[in-house]
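First comes the structure, then the notes that go with it.
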Amino acid sequence: MDMKPVHGEWGPWGPYSVCSRTCGGGTCSTTRDCNKPEPRNGGRFCVGRRTKFRSCNTDPCPRGWRDFREEQCAQFDGKHFNINGLPPSVRWVPKYSGILMKDRCKLFCRVTGTMAYYQLRDRVVDGTPCGPDTYDICVQGLCRQAGCDHILNSKARNDKCGVCGGDNSSCKTLAGTFNSAQYGYNVVVRIPAGATNIDIKQVSYSGSPEDDNYLALSDSQSNFLLNGNFVVSVFKREISFKGAEIEYSGSNATVERINCTQRIEEELVLQVLCVGNLYNPDVRYSFSIPIEEQREQFVWGPSGPWQECSRICLGERRRKAVCARKSDHLVVSEQRCENLPRPRGTTEPCNTDCELRWHVAGRSDCSSKCGPGYRTLDVLCMRYSQNKRLSERMEGRSCADLPKPQTRERCHGDCLLKSWQYSAWSQCSRSCGRGVRTRQAYCMNNLGRRLVERECNVQQRVLSEACSDVPCPDWSASGWSECLVTCGKSVKHRQVLCILGDEKLNEQRCDPNTKPSAVGSCELPQCVSWQVGAWSPCAVSCGQGYQVRAVRCVSGAYGETVDDRECNAAARPRDSQDCELSACPRAASVFNTPRPGEPGQRHTQWRYGSWTSCSVSCGEGRRERYVSCRDSQGGIADKSSCAHRPRPPDSSVCFSPCAQWREGEWTACSVSCGVGHSTRRVVCMNYHHRVDESFCQPDERPSAEQECAAAPCRSSYHWSNNQPHFPDDPSSHSWNVPSADNQWRTGPWGACSSSCEGGFQRRVVVCQDADGRSTNHCDERVKPDQSKSCDSGPCPHWNYGIWGECTHSCGGGQRTRLVVCQHPNGQRLNEHSCDVLDKPADVERCNGQPCPGAASWHRRAWRPCSVSCGKGVQERQIVCVDQNQTQIQDESCAHLIPPRTQKACRAGPCPAWRANQWTACSVSCGAGLQSREVFCRLKGRGRVSDDLCDTRVRPDRLRSCFHTDCQTHSWTAHEWKDVSKTRRSVFVDPSATDFLH
């Protein structure tokens, strides 16, 4: 099986998603997968972006539309989230000020009428402006750069005229001052609609904020926006006026200021409020207004940028219409053409050199080998390039609009018999000891035609078998001999023979590469031996005395001190011996009586112990020893009592240049009695290797020769002048000073009762005469101590290093660390010395998290939008898969953040009812009717069938109307007069008081 690493490569980009906004600059995204091919066998994953974004629906939103962030907050109106104090009818508005820069793309909403605000969503909808003072937009919860044209990564900015990308040529700046004061509100200037870059300052009269003059703003209907009704805002604030944000510095500033860089859509009235001492105000203002030009000088032109192609192949792209100056075709703000009918823009075909088609890439074997069955088809979406004559595999969703062929079809097995045919067997791979022989196999049908191997049953194929079961000669090894030494390192031997069954053969018959070793190493416990120190000076300055030396049992090449019981007690060197100096001068008196000591005088001297080990194992360090002032009885005396003698040092510098002196055993004493000499071998060693003596500290070189004491020779005393010679007063020397006939004898100190942290040592003390026989005639005053306290120093402890690298970076591995038993001075000991303590773990598991790629969330395709128009919801299914994309339990992906399963969608604009103007009333006076045309309209398509609109909200087509009461006229006839027999007609106006003739 090929396990060569396969590095991943990116597949093609998929189609873009639905735009996040219908106007004002939204975003849409597309993704690609690392599957051309997928990484396998430890290959690298793809490097680069998996998702990319682009701007869409960048046309400005119609006037009067709510702010996009305001719409998102309004979706939570009436939801109080069980927050204490919020009414059920709570209304939410955006919160801009006081929000950290890094949180600008989170949805913070404020309870209207209060200062309380809350975070209602982790992120706003993509395309939402990061703030009211910037064109940057939020994408995936991050603020991304955008221009005034609402396009990502654009650097377009408004000029001072408010024209996106303009050159400041479409407006002019007006400036002025105002400095007359009357009590109350004084109109300074009316700022017309369309003005931009408004900058207003009011410099205080006295240089302090309290000059009794304050700026105020109102609309054209005298509704105050700032500092109205004689109520002044002291602190800085922001005012929203018809979609424009106006900044006010607060009246508590020396220079009171009002700023607005955006275009205002209605007239703004600047006033100044004068109260108190009526100091003259100092108001300075400036703003830019559009240059009045004829309407026909600006036209809609089709010179805008081309939009993205609507399809990967055989699509259509649209060119956006832009407003341009007719004289030089300079692109200006769309506001210049807002009163002109806007063309729909031009379109043209795009991506016409390719075609998308479903392609049958392969067919599986028929499910039936004989008779009718089924087989599956591998149907792929392919893009064919007509110019390059190339084909490229695409995602299946790219061909979603095309009818897809069936992926299953009927088939019929050919009913041919198939079997394996074999070649002759090869030679056996071995002549003995069970080898293997092989042969080739061919898949054939009953007509003698060779078929592909998959046509036959692979499990029935036999390609190899065992052969040559005769056993081969082999090496046979006997048991190991005893180690050649009783301690330390050495070798051991064994016999190795070439045999076949029970027959011994020549060694050439067996494989020399597998021959076992006849010689092996062996290691017994380290050798122990007695180690002695140098003899101390004689305890007396004249006559006969004694001297002592240190004797210890050591183990190994580094001379580690062990219990005396480990060494041979019979071969233990002496630790004390007699010494004899020149005879003491005789006293001048006849009787040679020694001079008595002064009353209360005690003989003292310095006593010191052995040096400790050097503080470092290599290089320069320090060593210490115990120094104490002792009296003749061994008791502790004051230091001043030993001031007559130089105090031995209790510390010194030690040096170990990474090699140490090693000494051998002492030879036998050169005499049979008395004091003689013995020698030993001294070499410089570094880790069991002998090196030149210059590598060791010369001052620390152990002596290669020493005095030794055999059995004491029999003493004889000589009298001169028939007077006996008496030894010095024992009280003037240290303990255990032997007398002439009887003396105290001491045995070696026993082992300490505790190996560390204090204890006691005991020894045997006996009184013997000159012949070594026990007696009771020794002076009890000078009897040596039989016990003493001992302190072997602090107890050893476990020490451990840092953890090593984990054996696996994921999926569970192990890591180790060094754990050793160590003396506090750094000396490493056998692990048994720390058995009383719990040993820290030296192995632990690590990196138990699942490996990347071992389990991951797989995203299924988004389902269609839940609505056919307007805002809806899209859902998708996510499943946990392994590295082979096989679905597994969701618990395997519990450590991963699951992708979202729902998102908002917009399925295009919904049709809505539109109504024309009402016609004139059907009568000129009295009650009548008005009518208007009501129709269903879809944005981008115009009129559509009325069935597409909701009849429940259809506007009225007829309404009643009423004018003044109609005037009525009638003829009225008076009575006949007798004179003329005629009568006169009068026209009567009911509303008049006089008759009309």
Side-chain angles (χ1 to χ4, degrees), residues 487-489 523-533 550-569 572 608-627 650-663 685-688 697 700 702 748-763 787-804 815-844:
C487 64
K489 295 181 179 180
E523 185 173 359
L524 297 177
Q526 292 182 341
C527 298
V528 294
S529 61
W530 293 107
Q531 186 184 64
V532 296
V551 177
R552 62 176 182 165
C553 183
V554 297
S555 171
Y558 294 100
E560 181 181 355
T561 302
V562 297
D563 192 274
D564 285 356
R565 290 174 291 185
E566 299 290 334
C567 291
N568 186 1
R572 186 181 190 278
Y608 50 84
S610 301
W611 289 109
T612 62
S613 300
C614 195
S615 60
V616 296
S617 59
C618 194
E620 183 174 310
R622 297 197 65 81
R623 59 179 182 174
E624 298 178 349
R625 65 179 177 182
Y626 177 80
V627 178
D650 56 358
S651 65
S652 69
V653 176
C654 53
F655 180 81
S656 178
C658 300
Q660 295 181 347
W661 293 107
R662 294 291 178 261
E663 56 273 2
M685 300 289 290
N686 183 13
Y687 293 99
H688 308 294
Q697 181 71 11
E700 295 180 359
W749 286 107
C752 192
S753 61
S754 175
S755 58
C756 59
E757 301 293 351
F760 292 94
Q761 283 179 294
R762 296 184 182 278
R763 64 178 175 182
S787 64
K788 68 175 182 179
S789 61
C790 54
D791 186 1
S792 303
C795 293
H797 63 276
W798 291 109
N799 197 0
Y800 50 86
I802 61 175
W803 289 106
R815 61 177 183 177
T816 60
R817 63 179 177 183
L818 180 63
V819 179
V820 297
C821 180
Q822 199 173 46
H823 199 270
N825 64 4
Q827 180 183 7
R828 184 170 176 178
L829 306 175
N830 190 291
E831 290 192 357
H832 298 300
S833 302
C834 296
D835 282 345
V836 295
L837 304 174
D838 292 334
K839 182 178 180 181
D842 56 358
V843 179
E844 73 172 6

Note to self: Please report the interatomic distance CD(Glu523) to SG(Cys487), rounded to the nearest 0.5 Å.
What the structure shows: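 Between Glu523 CD and Cys487 SG, I get 11.0 Å after rounding to 0.5 Å.
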Next item on the list: Specify the closest pair of heavy atoms between Val819 and Trp798, including all atoms of both residues, with the distance to one decimal.
Entry: CG1-CE3, 3.7 Å
Margin query: To check you understand the geometry: which heavy-atom pair defines the closest contact between Ala841 and Arg817, and what is its length?
Written below: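 Heavy atoms of Ala841 and Arg817 come nearest at O-NE, 2.8 Å.
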Check: Heavy-atom distance under 4.5 Å between the side chains of Pro702 and Gln531, does that happen here?
Finding: no
Can you list the residues that meet the side-chain hydrogen bond (donor to acceptor under 3.5 Å, both in side chains) rule with [X], with sequence neighbours excluded?
X	answer
Thr816	none
Lys788	none
Ser787	none
Glu844	Arg815

Margin query: Tell me every residue that passes side chain to side chain contact (heavy atoms under 4.5 Å, CB included) with Cys553, counting only those two or more places apart in sequence or in another chain.
Written below: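 In terms of side chain to side chain contact (heavy atoms under 4.5 Å, CB included), with neighbours along the sequence ignored, Cys553 is linked to Val528, Trp530, Val562, Asp564, Glu566, Cys567.
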